[in-house]
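Chain A is the first sequence line, chain B the second, and so forth, proteins listed ahead of strands; every chain is numbered from 1.
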Amino acid sequence: MSNAFIAFQKNDDSRCIVEAILEDNPNAMVDDQPSMVKIDVPNRLVIKRETVEEKMGRAFDLQELQLHLITISGHLDETDDEFTLSWNS
Amino acid sequence: MAIDLRTVSITPLRQTFGHLARRMGADKPASRYLEATMDLQPVENYHYRPTWEPERDIFDTRRTAITMKDWYALKDPRQYYYGAWTLARGKMQEIAEGDFDLVEDLGLAAAYPAAGKERALKVFLPLRHVAWGSNLNKAYVSSYAYGIAMSQAACYASMDQLGVAQYVSRLGLAFNDLDALAEAKTAWLQGAEWQELRRYMEDVMVGQDWFEVLIAQDFALEGLLYPLIYERFNEKLNAAHGPVFSMLTRFQREWFGETSKWLDAVLKACAADNPENKAQLATWIKAWRERALVALKPVAALAFGDEADAILEELVQNLTARAAKAGIAL
Amino acid sequence: MTMLKTLAPYEFKSRDALENYKGRQLVYINWERHRMFSRPFVVALTPDTPFSTIIAQMAECFSYHPDWAQIDWDKALWQNGKNSFTPDRNKSLAENGIGHKDLIRFRTPGLDGIAGTGY
Amino acid sequence: MDMKASKKLGLKERYTLMTRDLAWDTTYQPMDKVFPQTAYEGIKIHDWDKWEDPFRLTMDAYWKYQSEKERKLYAILDGFNQNNGHLSVTDARYINVLKLFLGSTPPLELMAARGFSMMGRHMQGAGPRVACQMQAVDEYRHFQTQIHSISNYNKYYNGMDEFAHQQSRMWYLSDGKSFFDDAITAGPFEFMVAIGFAFEYVLTNILFVPFISGAAYNGDMAAMTVGFSAQSDEARHMTLGLECIKFMLEQDPDNLPIVQRWIDKWTWRGTRKLASVGMMMDYMLPKRIMSFKEAWEMYVEENGGALFKDLARYGITIPKCFSQTIEEKEHVSHQSWIGFYMKPQATPFHTWIPTPDEMDWLSEKYPNTFDQYYRPVLEFFDAQEKAGKRFNNQTAPMNCQVCVSTIKFNEPGDPMEMCFRETTYQGEKFHFCSDHCQEIFEHEPEKYIQTFISSHQVLQGNCEPEGVDVNAPDFQPGKQILDYWKLDKRALGDFNGSEDQKNFAAWREQATKN
């Protein structure tokens, strides 16, 4: 099984996003690097708008991820409610 | 280690990059526009010829009949590098967003008189396809223009037109939802009023000389179309039905006013470079202006009925005046 | 067979064709297992240049290496590309069979660079 | 969120209306005249509507987010510059990373801007066309913000002032130039595989993520901000490249061998292009985050491995060069650094020998190779320098006909032997650094016989500053090469004893005293 991953610049918004990812992806692994944080999840990584909103305490549009992203790995599927990265293998 | 670096006063070894100092004639600080633009495109020592055009180099001045002693004389008076451009557009979109929100929150689109709505959709909505074609033609200019001054400005203008196509579409959705877009597309593809304009767009799409494409699309066509729709037609709708249409097209109006300044500056610098350019520009403008007039007549008639010819006549005079101001006598 | 696909005829001369060197030719020289010099060097010489000129150019560059002084020239091995040959110092490049863009590989058995690392 | 006018539509439907629904098939001009580059590469497309848009940004959202990014970025840059932020970097050696970066990267981003503009004109499908246009304008952003972030460094340090002039002239930049020239002179689909897929998806992580993390770790807020900000666009670009591959493979089985050949070719070309990133990570960053080898494992082997395992369902196999790149990850950074160290009079950045501590770090990170092959020669160089005999190889290099790297890599399986390959085409010999480059040449020799090899061009008399009479009887080609390059003498030589070193120390001293 391959890992899907996503990396963010470290800031207050991305801290909430990372928390949301950890909650929604029980197998997530966090890799802390200078000024950035990378999260790997076997096969499928999902970011749910609702969970992020909960963590942030405000409305959140998944397209706001654009502001903090550094890199991703996996096929991307984006809807109004979920941002998913996955491998088919 | 806490050190206060701000207190250090040091004399720089130089103020700017070598190519900018040579261009400015002195080692002095350069603007971010100049840093982001001047002399950056490669001009020599290319490795391979293009498989899609073996007779030319990757960057090649021979892709247009226009010649320039210095291609970076075609500067943008707005001084748009990416950051300046996107900040300006960010501000415009914020205002547009506020307008669309307001119209929705107050139910202004629903309350807009049916006659005005129908008229607006009929005349206006097929223009989403014109903007889409404009995006493509400007992409051509940015793909083959020589020098970053031209290629970046054309690239930004191309993205602007994608934005325009989307704002026009949103007005359609606000006024009559999905049906409006479908009807407008049918009109664009089949409606008699739109075929000359569509023919014009498609002919420009196969143009080879990038500067001629710029003239045909940006100067001849948009130089008539934008005043026709976003000024005259807008005024007419405002007078008859209130300012909603005006609110939802503010982006385009501002865009045209601002972008014309860029285009006029480019034409002026180009015409000033040599008399052959001046003659070539005049030839192109005359030819494409005639064709644009043919293309826009049925649209103007749709919008203004009997007044159409007089209005177009006036707009042509204005366009001729713009050319004259750029030093191009028609 | 070429797999190149183009929209129009595509025929260009080699940028390094012999005729571009106005009577000279390119020769590359490498000292094997002395990778301190990173890569071979290239020179442009006329075909009637004696091979000794190449050795002089080698000395100019390679003598920085402590192995240079240790070379037993009788044991040195030479290759032109993949083929072994024994150059005659006093004869020309042409007479030694060295053509345009040939790669001369020079081997010094027993000398394997700094601390035997190949460098 | 910005399309409130029609709430009942989902993101995908809204985006479709705002992009491909705007397009139409032309009838007054035939489609193959409007899109003349669609067919000639042999890629078969039956239905452009099958294209899946990966990111779905309409222009209003694009402007909203991008302007927010730009506002932040320039605010940080201004603050960094006003506060003499350049003095907060770990040590002045770090600045040489920026010199290497400025010379090699913005010019390539510029080519990407041009290339994607062309894709944004020629891709027949509306979906990919819009995505390419957006990438084109992003690439303008990247080269401009990179220049803006380094502009202030240029005021205080040597070697950055002539990057624009040097981009097409410097010997060591011609590998990157040939990489992009090759891609942009190919057809649109090959360009997408080359840049959109092989470069953006498989390889750029190894350039940007360690570079940016390294900048942050070494106190360079300017480069870090610009780098991260650029990367935030990169995720969009990566998905475009991957989508393009999937699309071609799903459209027609005949596309598979063509796409596979391009993947093989461009993964290798990209690997060669990135050899200098290895030396940046292992030798040039005063504080190191991870070794090149570790980064290669993380971003190329694991991530690329996952990708190719996934694409196996289409019949795609791992690029042929993959096993060689895995062997080379232990070597290339050292071989590159030696290659540059020995040319102190020919680059606008300084080189140096690592300190003993740094060598120990290299031993630890490269247990299989560093002590065995590279430490002794570096220690030899160090001793020579201390004895006043700093290495300076004044000869001109031999380059690979395809990747234009100097031929400096080892024979696979034997780190002591050089790897040479050659072939004859139309009676002329051509040399390569590897089997992979030889194969690329043999597939398209008509293209690669045109390669501009700097050392050869010098010998032909084609690299002379303005005003030199190449027909004069005493003309000696290359004698004025520093002028041709506009290479500032203060930028040359070893870092030890350089003006940068002295100035940085003096300015820092000023900051710590009253």
Minimum heavy-atom distance between [X] and [Y], given as atom pair plus value:
X      : Y      : value
A:Q63  : D:R56  : NE2-O, 2.7 Å
D:A235 : A:I72  : O-CD1, 3.9 Å
D:E68  : A:L67  : OE2-CD1, 3.7 Å
A:N88  : D:R313 : ND2-NH2, 2.6 Å

Original post:
Based on non-hydrogen pairs under 4.5 Å, which of A:N3, A:L65, A:L76, A:I6 is most in contact with chain D?
Top reply: A:L76
Subject >> For A:R15, side-chain hydrogen bond (donor to acceptor under 3.5 Å, both in side chains) partners two or more places apart >> reply: A:D12, A:E19
**OP:** May I have the step-by-step check of side-chain contact (heavy atoms from CB on, under 4.5 Å) for A:H75 and D:L307, ending in yes or no?
**Re:** CA-CA 9 Å; A:H75 299 287; D:L307 174 68; 5.7 Å; no
**OP:** Name the orientation class of the two ring planes belonging to A:F83 and D:F55 (parallel below 30°, tilted from 30 to 60°, perpendicular beyond 60°).
**Re:** tilted
If you count the non-hydrogen atoms of other residues, nucleotides and ligands that lie under 6.0 Å from [atom1] in [X], is the total more than 12?
X      : atom1 : value
D:E52  : CD    : no
D:M248 : CE    : yes
A:E50  : CD    : no

Original post:
Who among D:K72, D:H237, D:K246 has the most heavy-atom pairs with chain A under 4.5 Å?
Top reply: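 Greatest number of close heavy-atom pairs with chain A: D:K246.
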Subject >> Between D:T239, D:I289, D:N303, the one whose heavy-atom pairs under 4.5 Å with chain A are most numerous >> reply: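 With the most close heavy-atom pairs to chain A, the winner is D:N303.
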Subject >> Atom group of A:D31 that falls short of 4.5 Å from chain D, counting heavy atoms >> reply: side chain
Subject >> A:Q66-D:R236 side chain donor-acceptor pair, cut-off 3.5 Å >> reply: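 There is such a pair (donor and acceptor under 3.5 Å, judged by atom type) between the side chains of A:Q66 and D:R236.
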Original post:
Ion pair present between D:K12 and A:D77, side-chain N to carboxylate O less than 4.0 angstrom?
Top reply: yes
Need one label for [X]: side chain, backbone, both or neither, based on atoms under 4.5 Å from any heavy atom in chain A.
X      : value
D:S213 : both
D:I212 : neither
D:Y201 : side chain

Subject >> salt bridge (charged side-chain N to carboxylate O under 4.0 Å, His left out) assessment of A:D80 paired with D:R14 >> reply: CA-CA 11 Å; A:D80 291 302; D:R14 258 183 343 241; 3.3 Å; yes
Original post:
Under 4.5 Å between any side-chain heavy atoms of A:Q9 and D:Q231, yes or no?
Top reply: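 A side-chain contact under 4.5 Å is absent here.
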Subject >> Euclidean distance, A:S73 OG relative to D:M238 CE, rounded to 0.5 Å >> reply: 6.5 Å
Original post:
Okay, side chain of D:D310, backbone of A:W87: is any donor-acceptor separation there less than 3.5 Å?
Top reply: no
Original post:
Is a side-chain donor or acceptor of A:Q33 paired with a backbone partner of D:V209 at a separation under 3.5 angstrom?
Top reply: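 Side chain of A:Q33 to backbone of D:V209, a donor-acceptor pair under 3.5 Å: no, none is there.
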Original post:
Passes side-chain contact (heavy atoms from CB on, under 4.5 Å), D:Y299 versus A:F5? Steps please.
Top reply: CA-CA 11 Å; D:Y299 290 111; A:F5 69 68; 4.2 Å; yes
